[in-house]
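Throughout, protein chains are lettered first and strands after them, A, B, ... in sequence-line order, and every chain is numbered starting at 1. Worth saying up front: this structure is predicted, and the values here are computed from it rather than measured.
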Amino acid sequence: ATNVSDGAVKLGVLTDMSGTYSDLAGPGTVEATKMAVEDFIAKEKPDFKIEVISADHQNKADISANKAREWFDTQKVDTIVDLVTTSTALAVMKVANEKNRISLVSGAGSTPITNEQCNDTTVHWTYDTYSLPVGTAKAVVKQGGKNWYFITADYAFGHSLEKNTSEVVTKSGGKVLGSVRHPFPGSDFSSFLLSAQASGAQVIGLANAGADTINSIKQAKEFGITPKQSLAGLLMFISDVHSLGLEATAGMYLTTGFYWDYNDETRAWSKRYFEKMKRMPTMVQAGNYSSVYHYLKAVKAAGTDEAKAVMAKMREMPVNDFFAKNGKVRADGRMVHDMYLAQVKKPSESKYPWDYYHIREVIKGEDAFIPLAESKCPLVKK
Amino acid sequence: MDIFGIPIQALMGQLLIGLINGSFYAILSLGLAIIFGLLNIINFAHGALYMMGAFCAWIGLNWLGLNYWVALIAVPVVVGAFGMLIERTMLKHLYKLDHLYGLLLTFGLALIIEGLFRYRFGISGESYPVPELLAGGFNLGFMFLPKYRAWVIAVSLVVCFGSWFIIERTKLGSYLRAGTENPQLLQAFGINVPLMITLTYGFGVALAAFAGVLAAPVLQVNPVMGSNLIIVVFAVVVIGGMGSIMGSIVTGLGLGLIEGLTKVFYPEASAVVIFVIMGIVLLLRPAGLFGRER
Amino acid sequence: MSTDYILQTTDLTKEFKGFVAVDKVKLQVQRGTIHALIGPNGAGKTTVFNLLTKFLTPTRGTIRFNGIDITPEKSAQIARRGIVRSFQISAVFPHLSVLENVRVALQRKLGTSFHFWRSAKSLDVLNGRAMELLESVDLQTFADSVTVELPYGRKRALEIATTLALEPELMLLDEPTQGMGHEDVGRVADLIKRVAANRTVLMVEHNLGVVSHICDTITVLQRGAVLAEGPYDVVSADARVLEAYMGTAHG
Amino acid sequence: MAKASAFTPDSEMLRVNDLHAFYGESHILHGIDFQVNRGELVTLLGRNGAGRTTTLKAILGLVGRRSGSIMINGRQVIDLPTHRIAHLGIGYCPEERGIYASLSTEENLLLPPAVNSTGMSLDEIYEMFPNLKERRNSPGSRLSGGEQQMLAMARILRTGARLLLLDEITEGLAPVIVQALGRVIAQLKEKGLTIILVEQNFRFAAPLADRHYVIEHGRIVEMVSKDELDSKMPLLQKLLGV
Amino acid sequence: MNGKHIGWIVLLLIGLVAPFVVYPVLVMKILCFALFACAFNLLLGYTGLLSFGHAAFLGSAGYICGYAMQGLGLSPELGLLAGSAGAAVLGFIFGSLAIRRAGIYFAMITLALAQLVFFLALQFPFTGGEDGMQGIPRGRLFGLIDLADTMNMYFFVLAVFLFGFWVIDRAIDSPFGQVLKAIRENEPRAISLGYDVDRYKLLAFVLSAALAGLAGATKTLVFQLASLTDVHWHMSGEVVLMTLLGGVGTVFGPIVGATIVVSLQNYGAELGQWVTVLTGVIFVVCVLAFRRGVVGEVALLIKRSGIRP
Ligand SMILES: Nc1ncnc2c1ncn2[C@@H]1O[C@H](COP(=O)(O)OP(=O)(O)OP(=O)(O)O)[C@@H](O)[C@H]1O
Ligand SMILES: Nc1ncnc2c1ncn2[C@@H]1O[C@H](COP(=O)(O)OP(=O)(O)OP(=O)(O)O)[C@@H](O)[C@H]1O
Ligand SMILES: [Mg+2]
Ligand SMILES: [Mg+2]
């Protein structure tokens with residue numbers, strides 16, 4: 001029998017239920033987590049109980065840290081999942097590690113999670129700010145988009161996104177003509193777009209996220225920039241495309257860790273998800289399912305829910321499900337899997353609801369993430 | 001020709017864009033100033049009502065099939081009526097109290113409105129198309145000016161100066177100003193002050209909603225669009241001199257321009273420049289540029 | 001023998017956007033007297049008070065207090081020099097007790113007013129003096145009442161007690177009896193007379209009864225300028241004053 | 001309704017019965033009863049805080065809460081909102097003057113809407129108060145105390161109101177102006193206006209008034225008509241503490 | 001023994017027992033916010049100045065304390081000191097600009113200045129931008145007591161809170177407090193009595209800022225992080241809510257208010273989207289029907305029933 005602490009494996013979904021990221025994570029991840037648990041029970045028939053609780057961290061690091069502590073101390077939570085936004089992820093990872101519990105990060109994207117700030121009880125599952133530009137920038141340069149100009153959200157996340165992308169652009173033979181930094185959050189981007197236009201660059205890289213990206217795209221079209229120069233969204237989710245509409249986004253390149261309409265397996269799962277949420281899943285939500293399922297398998301395999309043992313099993317077993325093929329959890333906590341380069345369809349090409357992407361390329365896992373050799377994580381033995 | 005290394009053409013473009021943003025500041029701060037003038041309340045819900053205006057336009061289009069032009073008239077009326085309802089049911093009870101309570105109440109209302117829209121529409125928001133009549137743009141040589149933006153400038157100037165004229169130059173305006181100071185006595189002169197207050201609040205709110213409809217085609221319509229903007233607008237109002245109608249219009253437009261210039265020369269500072277200006281203005285003229293010392 | 005003037009102004013002028021509210025006023029207040037400033041409405045009396053206490057800045061002219069030029073000083077500084085004013089509308093601290101009202105004025109001299117770490121009990125040493133002051137205006141029985149509850153006339157009396165607490169050399173009273181019933185007018189006039197025993201009072205007053213009763217010297221202002229000056233009998237006999245101010249109602 | 005008014009004597013302008021008024025929790029008027037005929041001038045006398053101002057305010061509905069009956073021109077107004085009462089032709093000159101600081105002198109003058117066409121013209125008013133003409137464009141807040149008092153008075157003469165409620169209008173005015181004001185009031189009375197005067201200055205009020213009501217602690221305690229003035233003088237002096 | 005003494009004793013008892021009944025970290029959070037709200041109340045309740053920018057002091061003190069501990073390796077007591085001092089300096093700057101205006105003007109100016117601070121916090125490299133400062137060590141108090149231990153930390157926080165609360169309580173009831181009261185009641189009169197009112201208001205502002213800073217620095221120690229949340233204008237609104245809910249101008253009100261609001265946020269996290277709406281509703285209800293706040297209403301009840309024979 002599995003030796004489980006406090007009689008149950010308890011999962012806490014700590015996510016943004018109402019704020020900026022509630023569409024790409026939020027209630028959807030809670031549902032995905034529950035689906036993973038149900039599927040696991042149905043398929044693997046575990047001999048331990050599994051419980052799920054959830055809370056809104058309101059994108060605040062202190063609320064997250066407080067909630068995590070409380071969950072560990074009083075609710076006997078074993079593992080916290082999702083953790084959208086980097087500040088909350090970092091805060092919870094630290095607490096979890098101190099208490100010898102596991103964090104499965106699907107929502108947050110900053111690379112420090114598996115680099116400078118890495119620890120041995122965290123797995124970073126779905127994407128990061130390295131993997132996204134890699135695919136997009138390479139592909140766009142290959143298509144002839146050699147000259148780039150960046151519109152960057154003026155904070156750490158935007159800066160690192162810009163930096164990572166610039167490197168890839170130059171490495172692939174492109175050129176960066178300049179960049180402009182906009183306040184975060186912003187609402188009017190026309191000035192910055194005008195600067196980008198004046199630069200004469202072929203590609204305007206949007207090193208920002210959420211509403212900022214959406215507004216940039218919308219206004220680029222309004223100012224007659226988009227057909228002449230093309231945009232590259234460096235962090236875009238299908239929920240963003242959905243709310244902007246194909247009219248405004250058609251032709252854009254973006255990188256994603258998951259697309260619902262990719263193959264039969266993804267379609268089958270996504271349809272089930274759609275039935276519950278009335279929306280197609282984002283990569284965060286799909287990735288979260290995958291991470292939870294893998295974790296539960298590892299608990300079963302390890303015969304215990306003790307963090308270190310489970311982590312060892314998670315690293316040992318490959319990830320094979322609709323989300324990832326032969327995915328692997330590395331020493332630094334990175335789950336390496338393939339990413340996809342997508343191009344947004346023209347409205348005329350879209351045949352049915354949520355038919356948004358052409359998948360143009362599969363980016364192999366080893367290319368998509370920072371090579372272990374370059375990792376700054378102390379856990380990586382060199 | 002260059003100015004500080006920036007081609008004059010680009011500069012012109014940026015100034016024009018600054019003016020467009022300034023138009024939004026002007027309409028919003030005008031509404032705040034009018035409300036503040038008569039009710040002595042800082043309408044913290046102004047941003048939320050602006051957001052509501054944008055959403056109502058979207059709802060009108062997508063649920064009821066009402067086009068932009070209908071929305072431009074109907075939405076301010078509807079949201080204005082909602083404002084009047086708020087005034088009648090809640091604000092009304094606060095006039096005898098310290099004016100700070102009005103600020104607090106509208107702050108609470110802003111949270112409620114924003115929360116409800118978040119609940120219903122999610123956070124990433126919806127897109128509103130540019131009306132066909134105003135699609136496309138003019139090539140001005142130095143820049144491509146979308147027709148829609150030109151329309152925004154024109155219509156907001158008309159609305160702003162129209163409101164100014166009514167308030168400063170007509171009898172109705174003198175009632176408004178008198179009501180600001182001593183509503184009780186004004187009522188004793190035979191003027192229906194409660195109605196006037198309700199209508200004024202409704203009008204201020206309608207202005208916010210009007211700005212919302214104007215903004216819908218250019219910005220993503222989302223539940224936080226108002227709260228991001230409102231603090232800047234507060235700063236505009238403080239710089240202009242609170243309650244000063246002309247102050248809010250001129251400062252709104254002026255700060256739009258200054259912000260536009262900052263975006264060219266030092267984009268990192270564009271979010272703070274207004275607050276820095278505010279600090280300086282307050283040091284030199286505590287009552288604001290157009291404000292009266294009280 | 002030269003007269004001892006506590007306050008002298010020369011050429012005191014205040015212009016508001018071209019409108020001259022106070023015009024080259026030469027005011028000389030003799031120590032130890034009650035000096036009245038009267039004149040028709042809009043003559044500039046309140047403005048003179050505002051200039052003397054620096055609630056307004058003079059356009060021209062100088063103000064000398066005890067021979068020192070105080071023209072450039074600020075309101076609070078002037079108050080600390082010993083010139084204290086009362087207001088045309090009653091000025092008390094409505095939700096403090098009557099005793100506390102007076103104590104606030106006394107407290108400044110202790111020099112502990114910025115001491116936020118000290119207990120307010122340290123102010124109790126002032127209670128004795130505060131009671132004395134209240135007694136001087138017949139308010140001792142009200143010491144613990146909340147000030148709002150006092151009748152109007154008593155509030156004026158309290159205001160005077162508070163002003164006295166500062167031991168001003170020169171008290172400026174702006175229409176101290178305005179809005180009072182007859183009883184109170186008499187009471188306050190007596191009070192002013194009494195407290196003026198060892199200090200100087202400069203007051204604006206429309207109630208000629210009071211003026212004739214207690215004032216030693218009267219300056220009549222008209223359109224910002226001094227029209228006449230002298231004791232009541234002299235001034236009230238002046239034809240110009242009769243025409244500009246008193247009409248037929250003198251006496 | 002028509003019947004009721006038929007029984008009201010035609011000459012009656014205002015009748016107040018059992019008027020109670022409250023500010024928040026404090027009960028200020030305890031059943032005021034009095035009545036004023038058309039063209040009459042009555043005064044409300046009393047000590048400070050007796051409730052004279054409150055009586056005027058209660059007639060206009062400017063107090064926190066009121067009850068009882070107030071008939072103006074035979075019409076019950078206790079339940080009407082202030083502005084509707086004002087429309088019945090009432091001019092109110094408040095104790096604190098109520099000059100609007102943000103309006104110029106002239107704007108202040110023109111502020112109250114005319115209730116009928118019998119009011120004075122601007123020129124007539126400026127003739128009566130030359131000070132105001134001189135300061136016509138300066139903001140209300142910049143007027144001297146006395147100028148404000150004149151403005152407050154002048155303001156309601158323009159509207160053509162037939163019932164004037166005047167609260168301490170001689171307060172803070174130079175004796176010459178007080179005399180001038182006395183003449184103005186006499187003229188108004190001549191014109192047939194009905195006036196209620198709240199006065200501290202008995203010397204001013206006595207020759208003008210037809211009747212005097214004395215208020216004490218929110219009740220009418222005495223009514224003295226013009227003819228009885230001499231005989232009741234001692235009583236009045238006692239009541240008012242003159 | 002009066003009501004206030006009883007209040008103190010009850011407070012002390014609750015403080016000693018609470019961590020054994022309720023989750024201690026939550027109690028620490030409550031204590032931090034209670035101190036914050038009390039500091040804010042010193043300004044609103046006793047000086048009549050509504051600052052809508054108090055988050056700036058809470059947040060910046062948090063960053064300063066965090067930097068002192070993490071970047072400079074100072075001890076916790078020095079960290080707190082640095083945080084409060086920083087907030088005091090900031091308060092001096094804010095105050096000098098804002099106290100020249102009263103009422104709503106004052107509120108607006110503080111709000112806008114706080115917004116400036118927010119943008120600076122987002123920009124300065126040492127704050128970690130939107131990621132915040134993470135993993136700040138709690139250190140050893142006076143080099144001896146290890147604060148990593150929850151109970152040690154708790155009693156330290158309790159001590160800090162009581163100290164701060166005592167300072168506020170004393171300031172209200174001091175010669176300085178008397179002058180503040182006089183200024184609030186009738187400012188021109190206070191001037192004419194020779195008080196330089198701006199300096200008194202400024203001192204009150206600085207005092208309030210410093211104590212808000214103390215709260216912020218303590219919070220940083222507790223959670224071992226400093227983030228933008230604490231400088232955001234929502235936080236400025238929250239502290240108003242706490243004070244209003246508990247009772248403006250009552251000594252214990254802000255503590256009660258903070259307890260309610262923090263618990264609501266904590267236990268209401270499951271409500272997700274509705275927390276904002278609920279907060280808004282509480283605001284509206286308080287303003288419309290409940291202006292004295294919990295403590296104010298209770299005090300009134302006691303007073304009323306006491307008067308009856
Ligand atoms: N701040 C100001 N700006 C412009 N004019 C002013 C200002 N203050 C006063 N005045 C004008 O100066 C003149 C003198 O005013 P002041 O208040 O000194 O009169 P006063 O003698 O006190 O009259 P009263 O007896 O009526 O109170 C008035 O005509 C007034 O309108
Ligand atoms: N707004 C108010 N709130 C509470 N009490 C008030 C208010 N206004 C007046 N009072 C009280 O009502 C009572 C009557 O006041 P009122 O103003 O009617 O007196 P008055 O006879 O006109 O005397 P005065 O000579 O002072 O004008 C007084 O005791 C006063 O304190
Ligand atoms: Mg367990
Ligand atoms: Mg009165």
Here the gap from D:E107 atom CD to B:R177 atom CZ, rounded to the nearest 0.5 Å, amounts to 4.5 Å
Please identify each residue that fulfils salt bridge (Lys or Arg N to Asp or Glu O under 4.0 Å) with B:E87, with sequence neighbours left out. none
Residues of residues 189-207 of chain B with a heavy atom under 4.5 Å from any heavy atom of chain D, in residue-number order, are B:F189, B:G190, B:I191, B:N192
Engaged part of [X] at the chain B interface, taking heavy atoms whose separation is under 4.5 Å:
{"X": "D:I99", "answer": "backbone"}
{"X": "D:L60", "answer": "side chain"}
{"X": "D:P94", "answer": "side chain"}

For chain B, find its close neighbours in residues 152-165 of chain D: heavy-atom separation under 4.5 Å, sorted by number, or none. D:R155, D:I156
When only heavy atoms count and the cut-off is under 4.5 Å, which of residues 117-129 of chain D reach chain B? none
Can you name the nearest heavy-atom pair linking [X] to [Y], along with the distance?
{"X": "D:L62", "Y": "B:A188", "value": "CD1-CB, 4.0 Å"}
{"X": "D:G98", "Y": "B:N182", "value": "CA-ND2, 4.2 Å"}
{"X": "B:L185", "Y": "D:Y92", "value": "CD1-CD2, 3.9 Å"}

Are there more than 12 heavy atoms of other residues, nucleotides or ligands under 6.0 Å from atom NZ of D:K133? no
Check for a donor-acceptor pair, side chain of D:Y100 on one end and backbone N or O of B:L186 on the other, with a separation under 3.5 Å. yes
So, the side chain of B:K171 versus the backbone of D:L110: is there a donor-acceptor pair under 3.5 Å, distance only? yes
